[in-house]
Amino acid sequence: MGASQSAGTEHEFQDLADRTGFSLEQIGNINKRFRQLTNNEETLSREDLASIPALDNNPIRAQIINAFFDKRNLHQNETGTVQEIGFEEFLLVMTHFRPAAMGLTEEERENLRREKLRFLFNMHDTDSDGTITLEEYRWVVEELLSKAGIIGQETAKAIADAAMLEVAGTTRGKMEPDEFYEGITFENFLQILKTFDIETRMHVRFLNMDTATLRCGKSK
Amino acid sequence: MLLSRMVFASLLQYLERLHPSQIANESCLASHHVHPNYTKKAFPVLSLDYHHIQVPFEISLWVLLASLMKLGFHLIPQLSSIVPESCLLIVVGLLVGGLIKLAGEEVPPVLDSNLFFLCLLPPIILDAGYFLPIRPFMENIGTILMFAVVGTLWNAFFVGGLLYAVCQIEGTYLSQVELLPCLLFGSIISAVDPVAVLAVFEEIHINELLHILVFGESLLNDAVTVVLYHLFEEYSGAGEVTPMDVVLGVICFLIVSLGGIAVGAIYGILAAFTSRFTSHTRVIEPLFVFVYSYMAYLSAEMFHLSGIMALIACGAVMRPYVEANISHKSHTTVKYFLKMWSSVSETLIFIFLGVATVAGPHAWNWTFVSVTVILCLVSRVIGVVGLTFIINKFRIVKLTTKDQFIVAYGGLRGAIAFSLGYLLDKNLFPMRTMFLTAIITEIFFTVFVQGMTIKPLVDLLAVKKKQEAKRSINEEIHTQFLDHLLTGIEDICGHYGHHHWKDKLNRFNKKYIKKCLIAGERYKEPQLIAFYHKMEFKQAIELVESGGGVKLPSAVPSQVSMQNIQPKKLPPPVAERALPQFTKGREEEIRKILRSNLQKTRQRLRSYNRHTLVADPFEDGWNDFILKKQRLIELEKKMSNYLTVPGATPDSPTMCRARLASDPNAFYNIKASSDGVPTIQVDLASPQSPDSVNMLNEFSKRGATGQGLGQREGADRDEDQGLMMKPAGKGEKGEEEGGNKNPGLMRCLSDPGPSNEDEEDEPFLP
């Protein structure tokens, strides 16, 4: 089901499929959607994503859009953001949402967890310094509650503080009164979300169907 | 019908008895009108009239017996760990039945179908439906429906058909059993029973997924059972079933299940709507929950729809709205009444099963019974394995072989099957007694053999057990975050997956439904905040209970406090206020609880009005809260934070309910004051134990006159310093009355003394 447009030949798709683990059909579908979003251009910009009407109701809209342009998610060992991404990068971001395949070894499962949690971590850690500080966490909670009106804003701080305290308590244990906990590192993040079965929860089940057709959410 | 007959009979007897004594009275009072046939006896000082109270007495005796048995089992730990409770109860029933028989009396037909379906079953189902964990249920709804519908159909036809084949074999003397009765029997016996599943699975603590699969199946297969039962019963007389009837049957199935759910949902919405207006009559709130649910069940049964599905739908639909509306005490009441009733019901059902076994009549046929038992097992295993093979193609979290085994092995039969068999007409079904015997044997087999061995098997196979982990706030934040993230990704992909629809449903719910059904402003409270408040409140209670309310510092569980995570900032200039890093609602909560625990005198003085229970100013004054909340938020004080979790705003529904649980009156006198500047008293010289901190002073100070207390300016407040000792001007712990001005206030807050009572007694609402 290769695309017949100028970019994307069977050969390229096969290459992508090998690298990312998607099937050819899935890549074809995603490519179709990519073209739809970019109006048949080569690259995707923030405005293209921002113009999706359904995203308007999403409280963490800005962070989701930023995640696509974050270099850390694009398997590059750099930090910072890009302005536009091509289809390959779009696909790379989507790989974070693949479901866990059957019959993974323990190590593979652990790697998958780390990958997905790394994505989440990058979304929270906006200044790319490797830790989620109290300010950044507060921002996360505030955004989550941004649709909740004034009640949300005031409690957001309290909730973020409580959560931070919980992390500090779990990971550092007893702290002296003058010690300071800088922020949540990636290892701490892994630790507090240990019981959160992210590998099964963080997946989008669109990859098997033609994206053009509507699919009424059939559950697992 | 039996009950009503007995009641009527006893009423008649009572009236007969009444008659002579009335005449005797009249003859005393009136003018010596002596009845010619009446001979005067000595006035009966003490007499025994059992028939007068027979019916309620016997019912109470049974209930008492059931409860005592339940008590007894838990006092013998060895027994209850090996044998599941249901088995023991059946044995008790057998014993009781045997005793009654020995005594020469006729064993009462206690498991009368009416009694069972109208009185004993609804509490259990309502309890299950009201507390149904919606999220795992909905996530696995496809699997559950497959097992419930297709699995039950498969079981029914397999067992019924093969039984018929066996009956046709020469030499079994069963050839008079026709196909349709066999199929009917198959449909009765193939349904997994929710009561038995609940009873056994509750004790083995398997993981949530398996529990919800088996349990959900047992609930949803009621619709299939109802339809099949009526279909075959109807046409057993006619002797054959045409394809037209099958089509009608399918339509009937859809109507039965969807109709049941619709009836339940309607009553659920009614209940939610009613609960919106109950803020002035809190006492009868739980009653609405129970009555509406029962009405839903009865209405569904009236139309021969699935009563069980109606109950489940009613409970599940009304729960989120009702819980947002009713008070904390009502919530506890509902929970405990449901648990109590369902527990007693369950116990009674198993005991009655034992009694009914003794009562008979039985017609034992080795072939029939043994073939039934074997076939049930075999069909269940084949059904589960086959269905899982198909289902796993669509599931993300596949079901492993271990899971399949537990699902298959956990398919227990119970009292519903027996009651359905009991309902059969003797004339139409001459082999009814044989059926009943087979049903009872199957029930005994599943409950005893499977029930007893499932626990060791679960341990042997190392099946994942239920995780007792506490929900942490981080997990809650990330659950919500992930929901939104996945919805967003689905939108970007243009794919309307189930996240998209779930999000749409949530928004619809929030925008329209919650506004109608939830009282006051509470519908705006997002889930994250509600969760946070609930957790906080729990921690507060724990803290108070563990620390005894006296020494808070020693009760601190965690060693990390706010200052450890606050970056050190310079104190803000005088004019500015640093935004509060944490609100004081939490600490106020603790103090309130302290006060209520230690305060006795005030509560005695307050009069008790049955109709209002407790004056509930907070929940009435919600709107005022919103207005005054702004002022409250501006309250910044430097307070010591012994609690690791910052406090909540005091106005959320959870906190309001929490307040009700403690001392509802008078501790939140947020008086309208002319100036919004709060005042804080700090006693520098003597760091006090927290219970002498008087929060109330902040509020009362605004209107206080001549208490001679110092006032602090905003400059001294420095939120960021936490527990650190500061130089002069800042105290270490909260505030308290300046010294000896008012001895009353030096005492524990909970007993503020007479001088404060005037202020505190002012109602919240002006």
Side-chain angles (χ1 to χ4, degrees), chain A residues 30 33 36-37 49 52 54-55 57-61 64 97 99 102 120 134 140-141 144-145 148-149 151-152 154-155 157-159 161-169 172-175 177 179-181 192-193 195-196 200-206 209 211-212 214-220, chain B residues 138-143 394-398 467 469 472-475 477-478 480-482 484-502 507 524-526 528-529 532 558-560 562-568 581-583 633 644-649 723-724:
Chain A
I30 302 178
R33 178 63 177 173
Q36 206 179 357
L37 286 174
L49 281 182
I52 301 176
L55 269 187
N57 289 318
N58 204 318
I60 55 170
R61 180 170 173 257
I64 297 180
F97 294 96
M102 277 272 269
L120 275 186
L134 186 62
V140 171
V141 179
L144 263 184
L145 292 176
I151 308 175
E154 283 135 11
T155 333
K157 286 204 183 58
I159 295 181
D161 293 339
M164 201 70 174
L165 275 170
E166 199 182 85
V167 177
R172 290 275 281 270
K174 186 167 174 16
M175 289 175 68
E179 273 183 75
F180 179 61
Y181 180 69
I192 56 172
L193 289 184
T195 57
F196 204 68
T200 48
R201 289 170 85 149
M202 185 162 153
H203 76 277
V204 176
R205 189 207 278 270
F206 65 98
M209 298 281 280
T211 53
L214 279 179
R215 186 163 178 239
C216 252
K218 176 98 173 59
S219 62
K220 328 187 225 259
Chain B
M138 282 302 161
E139 284 175 6
N140 294 297
I141 190 83
T143 316
F394 298 99
R395 281 184 66 97
I396 294 292
V397 181
K398 318 275 182 201
Q467 283 164 326
S472 74
I473 187 124
N474 279 298
E475 284 189 7
I477 291 178
H478 282 98
Q480 302 258 330
F481 191 82
L482 208 57
H484 289 299
L485 174 64
L486 293 175
T487 311
I489 297 286
E490 278 188 1
D491 289 333
I492 289 180
C493 294
H495 166 69
Y496 294 133
H498 65 284
H499 281 105
H500 176 90
W501 293 115
K502 200 160 78 160
R507 269 184 290 130
K524 289 201 199 124
E525 191 179 71
L528 185 60
I529 296 187
Y532 170 67
S558 153
Q559 311 301 323
V560 182
M562 277 307 298
Q563 65 183 45
N564 289 118
I565 65 172
Q566 297 288 339
K568 296 188 190 4
Q581 303 302 334
F582 45 85
T583 60
I633 298 302
T644 56
V645 178
T649 56
L723 276 169
M724 283 201 284

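Keep in mind that what you see is a predicted model, and the values were worked out from it rather than measured. Note on naming: letters A, B, ... go to the chains in the order of the sequence lines (proteins, then strands), and numbering restarts at 1 for each one.
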Next item on the list: Please report the C-alpha distance between A:L120 and B:L485 in whole Å, then the side-chain angles of each, then the deciding distance to 0.1 Å, and finally whether the side chain to side chain contact (heavy atoms under 4.5 Å, CB included) criterion is met.
Entry: CA-CA 9 Å; A:L120 275 186; B:L485 174 64; 3.8 Å; yes
Item checked: A:N58 (side chain) donor-acceptor with B:H484 (main chain) under 3.5 angstrom ->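 Looks like yes, one N/O pair under 3.5 Å.
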Next item on the list: Might you point out which heavy atoms bring A:A163 and B:I477 nearest each other, and give the distance in Å?
Entry: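 Closest heavy-atom pair between A:A163 and B:I477: CB-CD1, 3.9 Å.
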